[in-house]
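Here's the structure, in structure tokens; my notes come after.
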Amino acid sequence: MIDINLLRENPQAIRDSQAARGADEALVDLAAKLAEQKKVALQQFEAMRAKQNAHGKLVAQAPKEEKAELVAQAQEMSSDVKKLEAEANLADQELMVVLHKIENVVLEGVPAGSEENFVVIKEVGKKPEFSFEAKDHVSLGESLDVIDIERGAKVSGSRFYFLKGLGARLELALMQLALDQASEAGFTALITPTLVKPEIMQGTGFLGEHSAEVYYLPADDLYLTGTSEVALAGYHSGEILDDLTTPMRYAGWSTCYRREAGSHGKDTRGILRVHQFNKLEMFSYCKPEDAEAEHAKLLEWQEQMLQKCELPYRVIDVAAGDLGSSAARKYDIEAWVPTQGGYRELTSTSNCTTYQARRLNTRYRDQDGKPAVAATLNGTLATTRWLVAILENHQQADGSVLIPAALRGYLGGVEKIGPKH
RNA sequence: GGAAGAUUGGCCGAGUGGUUUAAGGCGACGGUUUGCUAAACCGUUGGGUUGAUUAUAUUGACCCCGUGAGUUCGAAUCUCACAUCUUCCGCCA
């Protein structure tokens, strides 16, 4: 949710942001109007309530013989109060509906426009050159007996898979490497719930445009999370954090579930786009003025992980129209995928400024001890999808795959995955 | 799945329809005293919305006692639903 003070003081900034995203600018003026209406309604209600309260004291103190008379007067007041209260509540609800529709104000420098308007910030690493015909991760997974897609489909349907043998161990190795790196950087590890209540899912903004992406369990009124960001953002909801002089950082590990409802026919081969995968997510709570510096750090840590996995990649500054509604800026790191001849997203890091925390009511105490809304940021440190890039980039002429040195320690020193026969 | 009990401020805890404007204690913070610390004494001590004024301050109104609805002129207090926790019984890993 945007800051209602900004709506009052600088509505143009919000209009400009909506325009950069290609979102509805008219919402801004509608919200301002509704805010004014709510204020008036609330004042009327409070004035009437004050009268009622004062009268109530008279009733309490009055001698018995005068009570009947005073109570009769109070009855009239009561109905007025109820009416005005209902009006004020309605005005507030109307305002909230519109406020929630306005997306976060994008930061200066974010490229305007939609998906294709991203800006490449840098390219790092050397793309591999093969003297043989490179295999994609599906055939590598099959020949090395580390990914079993056929049986995944048999058991659970399309977009499901088994990771097997060294494939399964490689994923866990990747997660552990990421968790160790995060721990060294001061992150607190958290294994998070993957089923959450509606208000948490709502609060993190995943029930907006992307609600079709989310698995829902009607029998229990719970949602399956598509990322541990949901639980991590909800972790401190409704709290006032004592000290944010340095950011509070969590590394959340969880399985993630996505319906992929809007992507029929897209990436149907392999494990690039699946219904279930694992992810290690970084999540930071910090002061709003520290958010951009924290964002840069998250990006740096992500780059370190890609370098440890010896993957060629590029960093892109995602365009305003392609940001989630909570994000004020987002950087994606895309790894080179040889058989696709292109880059594919491996990580994403968003600076949500105070937008997400305001909706979840997460605050901190500033220098004066006064509560203020915190900023939240998130970023991927490892996912199952990384296996695609690792397998394809490190494949050898003999059909084997070299394991990046940083991961070997987690695999009992195994240096390569050889063909099964 | 069944039964009983509980939920009040940072923490403990009183409060069973009207001077509750939520007692009291602990903790924390400030002050006095003190060579320093402690003790003692005095004071302060939540969140939100919204006004006024001489506007970094002062002061007022309203809301918040797990959540939501209801009864009532008036609800922390009564009713209903839900959530969470505790204990017990049953079933199961």
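Just so you know, these numbers come straight off a predicted model, no measurement behind them.
Residue A:Q52 is in sugar-phosphate contact alone, with no base atom involved, counting any heavy-atom pair closer than 4.0 Å across all strands shown. Counting any heavy atom pair closer than 4.0 Å across all strands shown, A:R358 reaches no nucleic acid atom.
Base pairing annotation: B:A14 forms no Watson-Crick or G-U wobble pair, as no partner gives both donor-acceptor distances under 3.5 Å. Pair check for B:C65 finds none; no Watson-Crick or G-U wobble contact set falls under 3.5 Å. Shown here, B:A28 forms a base pair with B:U44; the pair counts as Watson-Crick or G-U wobble because both key distances fall under 3.5 Å. Pairing of B:A76, defined by two Watson-Crick or G-U wobble distances under 3.5 Å, is not identified with any nucleotide. In this entry B:G5 has B:C85 as its Watson-Crick or G-U wobble partner, both defining distances falling under 3.5 Å.
Looking at which nucleotide of RNA chain B each of A:R363 and A:H55 is closest to, the 5′-most match is held by A:H55. The residue among A:Q75 and A:A50 whose nearest nucleotide of RNA chain B lies closer to the 5′ end is A:A50.
Shown are A:N351, A:T349, A:D317; of these, the side-chain hydrogen bond (donor to acceptor under 3.5 Å, both in side chains) with A:R329 is made only by A:D317.
When each of B:G74, B:A61, B:G48 is scored by its nearest atom to the side-chain atoms of A:K82, the top-ranked nucleotide is B:G74. You'll find that the side chain of A:R365 is closest to B:G47, out of B:G47, B:C62, B:C73. Of the candidates B:U21, B:G74, B:G47, the closest approach to any side-chain atom of A:K57 belongs to B:U21. Looking at the side chain of A:N53, the nearest of the listed nucleotides B:C63, B:G47, B:C73 is B:C63. Side-chain proximity of A:L42 to the nucleotides B:A83, B:C62, B:U49 is greatest for B:U49. The nucleotide whose nearest atom lies closest to any side-chain atom of A:A74 is, among B:G46, B:C62, B:C73, B:C73.
What separates CD of A:E85 from C1' of B:G74 is a distance of 14 Å, to the nearest Å. If you measure from atom NZ of A:K197 to atom C1' of B:A83, you get 6 Å, rounded to the nearest angstrom. Across the protein-nucleic acid pair, A:K370 atom NZ and B:G47 atom P stand 8 Å apart, rounded to whole Å. Counting to the nearest Å, the C1' atom of B:C63 and the CE atom of A:M48 are 17 Å from each other. Here B:U50 presents its P atom at 10 Å from CG of A:D92, a figure rounded to the nearest Å. Rounded to an integer number of Å, the gap from A:Q37 CD to B:U50 P is 16 Å. For the pair A:R49 CZ and B:U21 P, the computed distance is 13 Å after rounding to whole Å. To the nearest angstrom, C1' of B:C63 lies 14 Å from CD of A:Q43.
Between A:R151 and A:D148, at least one side-chain N (NZ, or NE/NH1/NH2) sits under 4.0 Å from a carboxylate O, which counts as a salt bridge. Residues A:D92 and A:K38 are paired through a salt bridge, judged by an N-O separation under 4.0 Å between the basic side chain and the carboxylate. For the pair A:R249 and A:E294, the salt-bridge criterion is met [side-chain N within less than 4.0 Å of a carboxylate O]. Ion pair A:D136/A:R269 flagged as a salt bridge, since at least one NZ, NE, NH1 or NH2 atom sits closer than 4.0 Å to an Asp/Glu carboxylate oxygen.
Comparing the P positions of B:U67 and B:G30 gives a spacing of 33 Å, expressed to the nearest Å. Distance check on atom C1': B:U59 versus B:A55 gives 11 Å, rounded to whole Å. Taking atom C1' on both B:C11 and B:G46, the two are 13 Å apart, rounded to the nearest angstrom. For B:U16 and B:U21, the P atoms lie 15 Å apart once the distance is rounded to whole Å. One C1' atom belongs to B:U19, the other to B:G74, and the distance between them is 14 Å to the nearest Å. Between B:C63 and B:A75, the distance separating the two C1' atoms is 15 Å to the nearest Å. B:G10 and B:C89 have their P atoms separated by 37 Å, given to the nearest Å. Spacing of P atoms, B:U8 relative to B:C65, comes out at 12 Å, to the nearest Å.
The aromatic rings of A:F160 and A:H275 sit tilted relative to each other, their planes meeting at an angle between 30° and 60°.
Phosphate contact (OP1/OP2 of B:G74, side-chain N/O of A:S78, threshold under 4.0 Å): present.
In summary, the aromatic rings of A:Y250 and A:H236 are positioned with their centroids under 6.0 Å apart.
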